[in-house]
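Scroll down for the structure; my scribbles are underneath it.
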Amino acid sequence: MDSKKHHQELLKKYAEAVVRVGLNLRKGQRLIITNAIARGVPPAGREFVHEVTKAAYAAGAKYVEVIWGDEEMHRIRLKNAPVDSFDEYPKFHINAVMDMIKNGDALLSVYANDPDAFLGLDPDRVAALQKYHLQNNAPIGVEVSRNAINWCVVASASPAWAAKIFPDLKPQAAEEKLWQAIFETTRATLPDPIAAWGDHIKNLKKRSAYLQAKKYSALYYKGPGTDFTLGLPNGHKWISAQALAENGVVFTANMPTEETFTLPDRHRADGTVAATFPLSYGGSLIEDFSVTFENGRIIKVNAKKNEAILKQLVDTDEGSTRLGEVALVPASSPIAKRGHLFYNTLFDENASCHIAIGRAYRFTLIGGEELTDEEFIAAGGNVSLNHVDFMIGSNKMDIDGIKEDGTREPVMRSGEWAFDV
Amino acid sequence: MNEAEFDQMLGKYADVIVKIGVNLRKGQRLLIRGILEDASLIRKVTESAYKAGAVFVDVLYTDERLNRIRLEYADPESLTEVPNWTLARYEEYYERMDAEIALLSTDPELMNGIAPDLLAKYRKAIAQKMEPLRKYENTTNWCVVATASPAWAKKVFPELSVKEAQEKLWEEIFSCCRINAPDPVAAWSEHTDKLKKYRDYLNTQHFSALHYRAPGTDLTIGLPEKHLWQGAQAEFKNGITGIPNLPTEEVFTTPHKDKVNGTVISTMPLNYLGALIEDFSLTFENGRAIKVTAKKGEETLRKLIGTDEDACRLGEVALVPNSSPISQRGILFYNTLFDENASCHVALGNSYRDTIIGGEDMTEEEFAACGGNKSLVHTDFMIGSSQLDIDGIKADDSRVPLMRAGEWAIVV
């Protein structure tokens, strides 16, 4: 079998797993494929989108809509548009997604983004564009964080992204290597990817069930540069892999996924946590950074690179000074084992324990979907335009679970699970 | 052309599109519509537009391959599904009278082999959904252009490799659009002046009909009393003057929907929705096509004229000399934007409101009473050749030779 044909077959298996396991697309559903960061799927994701579309129609989709987002167009705008024009924002993309969500349709986000899309551009302009984008996109974020519909985030290789990960390889070799990583971590290379996903989901569920039964009131993190206590609110719910959407569909929101996660108490985070991976945010890379908390609030950040962007992120709104997610991933996860950064949250978050600045997912608090913003906040949930994961895990990280009575139990040691299930 | 030269030409083309075509005003928003293969020009046009003072340039990319995938893979029953937002996305821009540039670089063979009835069902559902957009006709400055997309280029130059075919097609596009001229902007101004003279002449003549004669063709096209010839420049309702098609070589008006009689033979294949209709003829009686024949694609042609009640009537008649620069290229482009400017043509379906005096402000009934046609489709097909003679017939039955052997027989 020639390599092109082999690639096509893997792409097809991957697309089928995305449609059947990730989205679990129902017959008669419509599907919208987009990407929140580039405001549409970067055209480099085209080949993969074709396979997803075929798989979706084969699964009985009534209609598949793809919104394309050209990062180069955003660059041209950032360079050339009048400085006071960044509030110009087409409403129709947002309205389209909102319409389909209201109709109970499915949503797929395809990453193929260039981690350095906005490299070298005026950070103030980048921040202005990002701010208006977040404001306009907020209603979609709210619906997704409620699991209103079955949704899924996946990735396609792209030349710019591959070149960032594998700078020493030739463009084609880099892209092939990235595809290989995507195929392997999404189990597309296995004989029966859908069955393999079934097993994987089952194993992850055992971890979340264990943690759920423990009802820890806080987690304590200790690692190089990190000495950090993070409160967990009453009613926090540990989630892994699968979730039940309000439209009744059981779906897997991320492929790959290796994490077990819940929400922290927005009022209880204290100490300093050091990032162990660079963070790609809105087209810029923030590197070698740490964040210090007091009573849940970020009181200090520092970064060796793009500190200004990190500060802008934290300054977006009140909720961006606090945390909305805490996730546990062993340092030996299949993604971590690849031994390189992906410069992409979908992958890097599944290689490492992480926390997220900003919005908490409603479904990570028992009954959270029904609460008003005020009630959610009072229960310890966070509300923000942002939800930005950053990685804090490593094979030098120890994590304890702290019970209501102050007793401590090992949850992770040297980056690995410290309990059996 | 090396890469740097090509980039420079693309920049010039983008400037002509922005300055001459859409004539973008400072402070306007611009919507660009195209296929993913159009990205190189779309990005250049975007740069030109911001330099010309655009406040925001947005692009609405279509992946036409996905349209084919839908027809191949989707449940045929679902092909009538057209979400509301496919309409709303245009309304958002048109309501504000933002400028629009549409790129027409489609693969002529995109829908090859797809069953015509599926295609017709799919297209009709879209046309019906988009029907409300008709009210925005000419409200804003708009322009249609093309890029040398790989599949289109390969269709035009099948003997070349895709890359060579694209290079060759780009050269043709640049040449047809006068981008090679030392001063493209001046060249366009000279050209539009000339087209205006033909247009103005025809408007002073008040012909009641045109009579076409060529081998196999004997066709009389009645013109509405209030018909208005258009050409080259258009004045849009937002007060901006621009050139809606690049290239453009035609002057055109609307036939009277009930007064077309006789038979006309096509002189070029018609690419309709990705399927080719070849060697075809239509016979009209009191405006209606009552007989069609085609050596290839006859079923597609029948679907076209059966789209709705009046898709079988004509909505445009356009005059283009056989010596037009595009005709002189001697290339069949398989793309209406180019082929219509190489040849006299007529269109099945909808009439443009601005081809009847006062038509833009008429109700549908008033427009129809004046002879204007209404349909979901507007599809040009070519009937010109070096063997075509056209007479203008006046109300008193006197005749004026308008074209002889495919060339203008009048001096303006």
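Please read all numbers here as calculations on a predicted model, not as lab measurements. Values below: all heavy atoms of this structure, side chains included; hydrogens, waters and symmetry mates excluded. Residue numbering restarts at 1 for every chain, and letters A, B, ... go by the order of the sequence lines.
Chosen from B:Ile69, B:Leu79, B:Leu31, the residue pairing most often with chain A at heavy-atom distances under 4.5 Å is B:Ile69. Between chain B and the options A:Arg39, A:Arg30, A:Lys62, the largest number of non-hydrogen pairs under 4.5 Å is found for A:Lys62. With chain B as partner, the option from A:Asp70, A:Asn95, A:Thr53, A:Val66 having the largest number of non-hydrogen pairs under 4.5 angstrom is A:Asp70. Considering only heavy-atom pairs separated by less than 4.5 Å from chain B, the leading option among A:Gly28, A:Ala81, A:Ala61 is A:Ala81. In terms of heavy-atom pairs under 4.5 Å with chain B, the best-connected choice from A:Lys79, A:Arg77, A:Glu72 is A:Arg77.
The local environment of NZ in B:Lys19 is sparse, with at most 12 non-hydrogen atoms from other residues, nucleotides or ligands closer than 6.0 Å. Residue B:Lys135 places its NZ atom among more than 12 non-hydrogen atoms of other residues, nucleotides or ligands, all under 6.0 Å distant. Environment of CD in B:Gln128: crowded, with over 12 heavy atoms of neighbouring residues, nucleotides or ligands closer than 6.0 Å. By the neighbour-count criterion of 12 heavy atoms within 6.0 Å, atom CD of A:Gln172 is sparsely surrounded, having that number or fewer from other residues, nucleotides or ligands. Annotation: A:Lys12, atom NZ; neighbour count of heavy atoms from other residues, nucleotides and ligands within 6.0 Å does not exceed 12.
Residues A:Arg46 and B:Arg65 form a side-chain contact, since some pair of their non-hydrogen atoms from C-beta on lies under 4.5 Å apart.
Using a 30° and 60° split on the angle between ring planes, A:Phe92 and B:Trp85 fall in the parallel class, below 30°.
A donor atom on one side chain and an acceptor atom on the other are not found under 3.5 Å apart for B:Asp75 and A:Tyr57.
A:Pro90 and B:Asp58 get closest at one heavy-atom pair: CG-OD2, 3.2 Å.
In this structure, B:Glu92 contributes its side chain and A:Lys91 its backbone to a donor-acceptor pair below 3.5 Å.
If you measure heavy-atom distances from B:Tyr90 to chain A, you find no contacts under 4.5 Å at all. Proximity to chain B is absent for every atom of A:Phe86, based on heavy atoms less than 4.5 angstrom apart. Only the backbone of B:Ala54 comes within less than 4.5 Å of a heavy atom in chain A; its side chain stays farther off. For A:Arg75, no part lies under 4.5 angstrom from a heavy atom of chain B.
The OH atom of A:Tyr63 sits 6.0 Å away from atom CZ of B:Arg70, with the distance rounded to the nearest 0.5 Å.
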